[in-house]
**Q** 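A single structure is presented below for examination.
Predicted model only: the values in this text are computed from it and were never measured.
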Amino acid sequence: MITFEDVKNNEAVNTYIRKADATLKEIGFTEHSFAHVGIVAENAGYIMETLGYSEREVELTKIAAYLHDIGNIVNRIDHSQSGAVMAFRILDRLNMPPEEIADIVSAIGNHDEGTGKPVSPMAAALILADKSDVRRSRVRNNDATAFDIHDRVNYSVKKAELKINENHTLIKLKLSVDTRYGSVMDYFEIFMNRMVLCRQAAERLGLQFKLMINEQQLV
């Protein structure tokens with residue numbers, strides 16, 4: 001069986017991640033490299049494991065998370081679909097069973113808020129893990145006076161936690177925000193569609209979704 005470690009150590013995969021991030025850097029996007037896909041894989045795996053999915057389902061979800069942004073090497077527009085096609089070719093060449101490839105490709109192709117839907121538990125976990133990765137270290141711009149709204153929002157987040165409650169009825173994204181750099185309204189201006197998708201993803205997993213910013217519940 002193809003494992004998460006196999007994919008993580010695959011030279012071609014890591015080249016695509018590195019090159020995709022370089023492409024995004026050129027057009028002014030925040031970090032989408034190994035830190036991002038690593039955090040997304042960890043959190044997506046945490047969601048699936050906590051909710052009692054099988055060890056293999058957890059493994060496949062982490063693989064999907066690690067591969068989810070490689071389509072940015074083609075273009076930011078429709079990168080989820082491009083990435084799904086790329087992931088299919090990679091995993092097919094590694095002789096992963098078609099049923100597993102299908103689940104991964106479907107999750108990757110549905111992770112973006114523009115066109116994506118939580119079509120499976122794997123897709124739902126990927127959506128929640130991806131959209132919750134908001135942090136200061138994703139900002140590339142070293143000049144705070146030249147921040148755009150995405151820079152301001154990410155730089156303002158001092159801490160982000162994604163947690164499922166003990167009863168497995170609620171998933172909460174808890175942010176600690178320094179409002180000197182970005183306001184709560186800034187966050188909603190660029191992330192409202194993402195939060196709607198997170199709510200849909202949580203519901204697909206049988207959970208409620210809540211967003212807390214500086215101890216105040218906003219969603």
Side-chain angles (χ1 to χ4, degrees), residues 24 29-32 35-53 58 61-62 64-65 68-69 76 79-80 107-108 110-139 144 147-219:
L24 291 182
F29 274 76
T30 52
E31 179 266 325
H32 283 70
H36 174 60
V37 298
I39 289 170
V40 175
E42 180 181 352
N43 283 337
Y46 155 75
I47 292 168
M48 295 291 280
E49 184 175 8
T50 302
L51 295 178
Y53 288 90
V58 173
T61 300
K62 291 171 71 174
H68 81 279
D69 267 344
R76 179 62 181 173
H79 75 280
S80 57
I108 293 173
N110 278 281
H111 83 269
D112 188 61
E113 64 271 16
T115 56
K117 296 292 182 184
V119 295
S120 66
M122 183 188 299
L126 175 55
I127 287 165
L128 286 160
D130 181 39
K131 307 315 171 192
S132 64
D133 184 23
V134 189
R135 54 188 159 82
R136 180 167 292 188
S137 55
R138 294 193 74 179
V139 178
F147 281 176
D148 65 13
I149 188 170
H150 289 85
D151 291 334
R152 291 200 306 273
V153 167
N154 279 278
Y155 196 83
S156 70
V157 177
K158 297 184 292 183
K159 186 176 182 181
E161 292 181 289
L162 187 67
K163 292 294 181 185
I164 298 172
N165 68 349
E166 290 185 4
N167 295 329
H168 298 174
T169 58
L170 173 71
I171 187 165
K172 182 186 296 184
L173 175 57
K174 187 175 181 181
L175 304 178
S176 175
V177 172
D178 186 339
T179 54
R180 291 178 299 171
Y181 297 102
S183 70
V184 173
M185 286 304 297
D186 281 343
Y187 185 90
F188 275 102
E189 183 177 338
I190 63 171
F191 284 155
M192 178 57 77
N193 289 341
R194 300 182 192 186
M195 294 301 98
V196 170
L197 187 57
C198 282
R199 184 181 65 194
Q200 294 170 351
E203 290 172 354
R204 180 64 179 80
L205 293 165
L207 304 170
Q208 286 185 297
F209 175 74
K210 291 189 183 294
L211 171 66
M212 305 283 293
I213 298 181
N214 293 346
E215 303 299 331
Q216 298 294 317
Q217 181 178 320
L218 298 170
V219 173

**Q** Please list all pairs meeting salt bridge (Lys or Arg N to Asp or Glu O under 4.0 Å) that have one or both residues in residues 199-219, counting only residues at least two apart or in different chains.
**A** Lys174-Glu215
**Q** Rounded to the nearest 0.5 Å, how far does CG of Leu126 lie from OG1 of Thr61?
**A** 8.5 Å
**Q** As an exercise, state the distance from CZ of Phe29 to CG of Asp148, rounded to the nearest 0.5 Å.
**A** 9.5 Å
**Q** If you define the side chain from C-beta out and look only at heavy atoms, does anything of Leu218 sit under 4.5 Å from Met195?
**A**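 Side chain of Leu218 against side chain of Met195, heavy atoms only: no contact under 4.5 Å found.
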**Q** Donor-acceptor pair, distance only, cut-off 3.5 Å: does the side chain of Arg136 make one with the backbone of Lys158?
**A**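 Such a contact is absent between Arg136 side chain and Lys158 backbone.
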**Q** Quick check against the 3.5 Å criterion: does Asn165 have a side-chain atom that pairs as donor or acceptor with the backbone of Leu170?
**A** yes
**Q** Which distance, rounded to the nearest 0.5 Å, do you find between the SG of Cys198 and the CD1 of Ile171?
**A** 8.0 Å
**Q** Quick check: closest heavy atoms across Pro121 and Met48, and the distance to 0.1 Å?
**A** O-SD, 3.8 Å
**Q** Please determine whether the number of non-hydrogen atoms from other residues, nucleotides or ligands lying under 6.0 Å from atom NZ of Lys131 exceeds 12.
**A**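 Yes, enclosed.
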**Q** Report the C-alpha distance between Asn214 and Val184 in whole Å, list the side-chain angles of each, state the deciding distance to 0.1 Å, and finish with yes or no for side-chain contact (heavy atoms from CB on, under 4.5 Å).
**A** CA-CA 9 Å; Asn214 293 346; Val184 173; 5.6 Å; no
**Q** Go through Leu207 and Leu51 one step at a time and tell me if the side-chain contact (heavy atoms from CB on, under 4.5 Å) criterion holds.
**A** CA-CA 10 Å; Leu207 304 170; Leu51 295 178; 4.1 Å; yes
**Q** Working to the nearest 0.5 Å, report the span between CG of Asn154 and CG of Asp151.
**A**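 Asn154 atom CG to Asp151 atom CG measures 7.5 Å (nearest 0.5 Å).
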**Q** Donor-acceptor pair, Tyr46 side chain versus Ile164 backbone, under 3.5 Å?
**A**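 Indeed, once roles are kept as given, a pair shorter than 3.5 Å links the two residues.
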**Q** Under 4.5 Å between any side-chain heavy atoms of Asp178 and Tyr155, yes or no?
**A** no
**Q** Please determine whether side-chain contact (heavy atoms from CB on, under 4.5 Å) holds for the pair Leu211 and Tyr187, giving the CA-CA distance in whole Å, both sets of side-chain angles, and the decisive distance to 0.1 Å.
**A** CA-CA 11 Å; Leu211 171 66; Tyr187 185 90; 3.8 Å; yes
**Q** List the steps and the verdict of side-chain contact (heavy atoms from CB on, under 4.5 Å) for Ser132 and Asn43.
**A** CA-CA 9 Å; Ser132 64; Asn43 283 337; 4.3 Å; yes
**Q** Would you name the heavy atoms of Glu31 and Arg138 that are closest together and state the gap between them?
**A**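 Answer, listing the atom of Glu31 first, then Arg138: O-NH2, 2.7 Å.
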**Q** On a heavy-atom basis, which atom in Ala64 and which in Met122 lie closest, and how many Å separate them?
**A** CB-SD, 4.1 Å
**Q** Within the distance-only criterion (no hydrogens, no angle test), does the side chain of Gln200 pair as donor or acceptor with the backbone N or O of Lys117 below 3.5 angstrom?
**A** no
**Q** How far does CG of Leu24 sit from CG of Asp69, to the nearest 0.5 angstrom?
**A** 7.5 Å
**Q** Who pairs with Ala201 by side chain to side chain contact (heavy atoms under 4.5 Å, CB included), at least two apart in sequence or on another chain?
**A**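 Partners of Ala201 by the side chain to side chain contact (heavy atoms under 4.5 Å, CB included) criterion, ordered by chain and then number, come out as Pro118, Ala124, Ile127, Leu128.
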**Q** What pair of heavy atoms forms the shortest contact from Thr115 to Ser80, and how long is it?
**A**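 It is OG1-OG, 4.3 Å.
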**Q** Is Glu166 atom CD crowded by more than 12 heavy atoms from other residues, nucleotides or ligands, each under 6.0 Å away?
**A** no
**Q** What are the two closest heavy atoms between His111 and Leu197, and how far apart are they?
**A**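 That would be O-CD2, 4.0 Å.
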**Q** Working to the nearest 0.5 angstrom, can you tell me the gap between Leu162 CG and Leu175 CG?
**A** 10.0 Å
**Q** Please find out if less than 6.0 Å separates the ring center of Phe147 from that of Tyr181.
**A** no
**Q** Take atom CD in Glu113; do more than 12 heavy atoms of anything else shown fall under 6.0 Å from it?
**A**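 It does: Glu113 CD has more than 12 such atoms within range.
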**Q** Establish, yes or no, whether a centroid distance under 6.0 Å links the rings of His32 and His68.
**A** no
**Q** For Ala125 versus Leu205, what's the shortest heavy-atom pair and its separation?
**A** N-CD1, 4.2 Å
**Q** Near Glu49 CD, under 6.0 Å, is it more than 12 heavy atoms from other residues, nucleotides or ligands?
**A**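 Open: at most 12 neighbouring heavy atoms sit under 6.0 Å from CD of Glu49.
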**Q** Report the residues that fulfil side chain to side chain contact (heavy atoms under 4.5 Å, CB included) with Glu189, sequence neighbours left out, ordered by chain and then residue number.
**A**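 Side chain to side chain contact (heavy atoms under 4.5 Å, CB included) list for Glu189, sorted by chain: Ile149, Asp186.
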